[in-house]
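Have a look at the structure below before the remarks.
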Amino acid sequence: MPELFNVLVIVAVVALVIVRQFSAQRVGDGRRWWVLPVVLLVVALRTDGALDPRHETLSAAMLGAGLVVGLVTGAGWGWTARLWQGPDASFWSRGTRATVFVWVGGTALRGSLAVAAVLFGVHQGTAALLISLAAMLFARSGVLALRTRSMREQYGVPAVSQACDASAAAARVMSKGGA
């Protein structure tokens, strides 16, 4: 039963991520960006099967490689996403064409690890995939949090939005003692 639950969690998270990837979404305020990855990690660790007891060393190496693939894919996803600030000073992101290539590459690498595990006779349960997915979401959210923090510091708090109209910009200049 736990394996079926894990499969359902994986399918739901992947579907949610793919749908949200190609539509504009508000980037969190930076305080809770780590919650979903931690929940996925807890779900993965509550089940047995993260390591194959017959091939512990090789299984741990495959799990570590999956973790690295997840982190690299998530970081690439975060760096290739378009990030902008809305008129209300909130930050928004959306995937780009480069993000699609990151996803395809990450999926190919994860698939290669699964094929290698089968060829070596290592059983990888859904826990390994959940851990990789958690790492990917953690890295992506962390990169976006760093990028938004950098934009806030670079442009001030709140940053001047590109969507801001000229009259509002002129009013700010006037209030600072300009012309």
Side-chain angles (χ1 to χ4, degrees), residues 9-45 63-113 128-179:
V9 168
I10 290 168
V11 169
V13 169
V14 169
L16 175 71
V17 166
I18 289 173
V19 167
R20 291 179 66 191
Q21 175 59 41
F22 298 105
S23 61
Q25 69 180 49
R26 178 176 260 175
V27 177
D29 60 4
R31 284 182 259 153
R32 294 181 301 200
W33 56 266
W34 50 268
V35 172
L36 179 59
V38 169
V39 168
L40 290 175
L41 190 61
V42 168
V43 169
L45 295 178
L63 185 63
L67 184 66
V68 170
V69 167
L71 288 171
V72 169
T73 302
W77 179 14
W79 283 111
T80 59
R82 179 175 177 258
L83 187 64
W84 71 95
Q85 190 173 21
D88 63 347
S90 64
F91 287 94
W92 294 77
S93 76
R94 179 176 27 196
T96 62
R97 287 186 194 126
T99 309
V100 174
F101 289 114
V102 169
W103 267 77
V104 169
T107 303
L109 286 172
R110 188 69 190 105
S112 298
L113 285 173
L129 186 56
L130 277 171
I131 291 169
S132 181
L133 186 59
M136 180 183 70
L137 292 173
F138 181 79
R140 181 235 181 217
S141 297
V143 167
L144 286 178
L146 287 173
R147 288 180 64 198
T148 57
R149 183 180 310 152
S150 173
M151 287 177 73
R152 280 191 178 103
E153 290 171 0
Q154 182 178 2
Y155 298 112
V157 179
V160 177
S161 171
Q162 293 178 349
C164 190
D165 63 2
S167 62
R172 279 194 301 275
V173 169
M174 295 299 263
S175 69
K176 291 182 180 180

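Just so it is clear, the model here is predicted, and its values are computed rather than measured. Side chains included, hydrogens not; waters and symmetry mates left out as well; all remaining heavy atoms used.
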query: Taking C-beta and beyond as the side chain, do Leu146 and Trp79 meet within less than 4.5 Å on heavy atoms?
result: no

message: Once side chain to side chain contact (heavy atoms under 4.5 Å, CB included) is applied, do any residues pair with Val38, and if so which ones, sequence neighbours excluded?
response: Trp34, Val42

- prompt: By side chain to side chain contact (heavy atoms under 4.5 Å, CB included), which residues pair with Leu45, not counting sequence neighbours?
  reply: Leu41, Ile131

Between side-chain atoms of residues 104-113 and protein atoms elsewhere (two or more places apart, or another chain), which donor-acceptor pairs fall under 3.5 Å?
{"from": "Thr107", "atom 1": "OG1", "to": "Trp103", "atom 2": "O", "distance (Å)": "2.8"}
{"from": "Ser112", "atom 1": "OG", "to": "Ala108", "atom 2": "O", "distance (Å)": "2.8"}

task: Could you tell me which non-hydrogen atom of Gly66 sits nearest to which non-hydrogen atom of Ser132, and how far apart they are?
output: O-OG, 3.0 Å

- request: With sequence neighbours excluded, tell me which residues meet side chain to side chain contact (heavy atoms under 4.5 Å, CB included) with Thr80.
  value: Thr96, Ala98, Thr99, Val102

field: Point-to-point distance, once rounded to the nearest 0.5 Å, from CG of Leu133 to CG of Leu67
entry: 12.0 Å

- prompt: Between Ala139 and Ala75, which heavy-atom pair has the shortest distance, and what is it?
  reply: CB-N, 3.6 Å

task: Search all heavy atoms of Gly78 against all heavy atoms of Val143 and return the closest pair with its distance.
output: C-CG1, 3.5 Å

message: Once rounded to the nearest 0.5 Å, what's the spacing between atom CD of Gln85 and atom CH2 of Trp92?
response: 12.0 Å

- request: Report yes or no: does Thr73 contribute a side-chain atom to a donor-acceptor pair with the main-chain N or O of Val69 at less than 3.5 Å?
  value: yes

message: Please enumerate all residues that pass side chain to side chain contact (heavy atoms under 4.5 Å, CB included) together with Leu83, with sequence neighbours excluded.
response: Val27, Phe91, Ser93, Leu144, Arg147, Thr148, Met151

field: salt bridge (charged side-chain N to carboxylate O under 4.0 Å, His left out) partners of Arg94, counting only residues at least two apart
entry: none

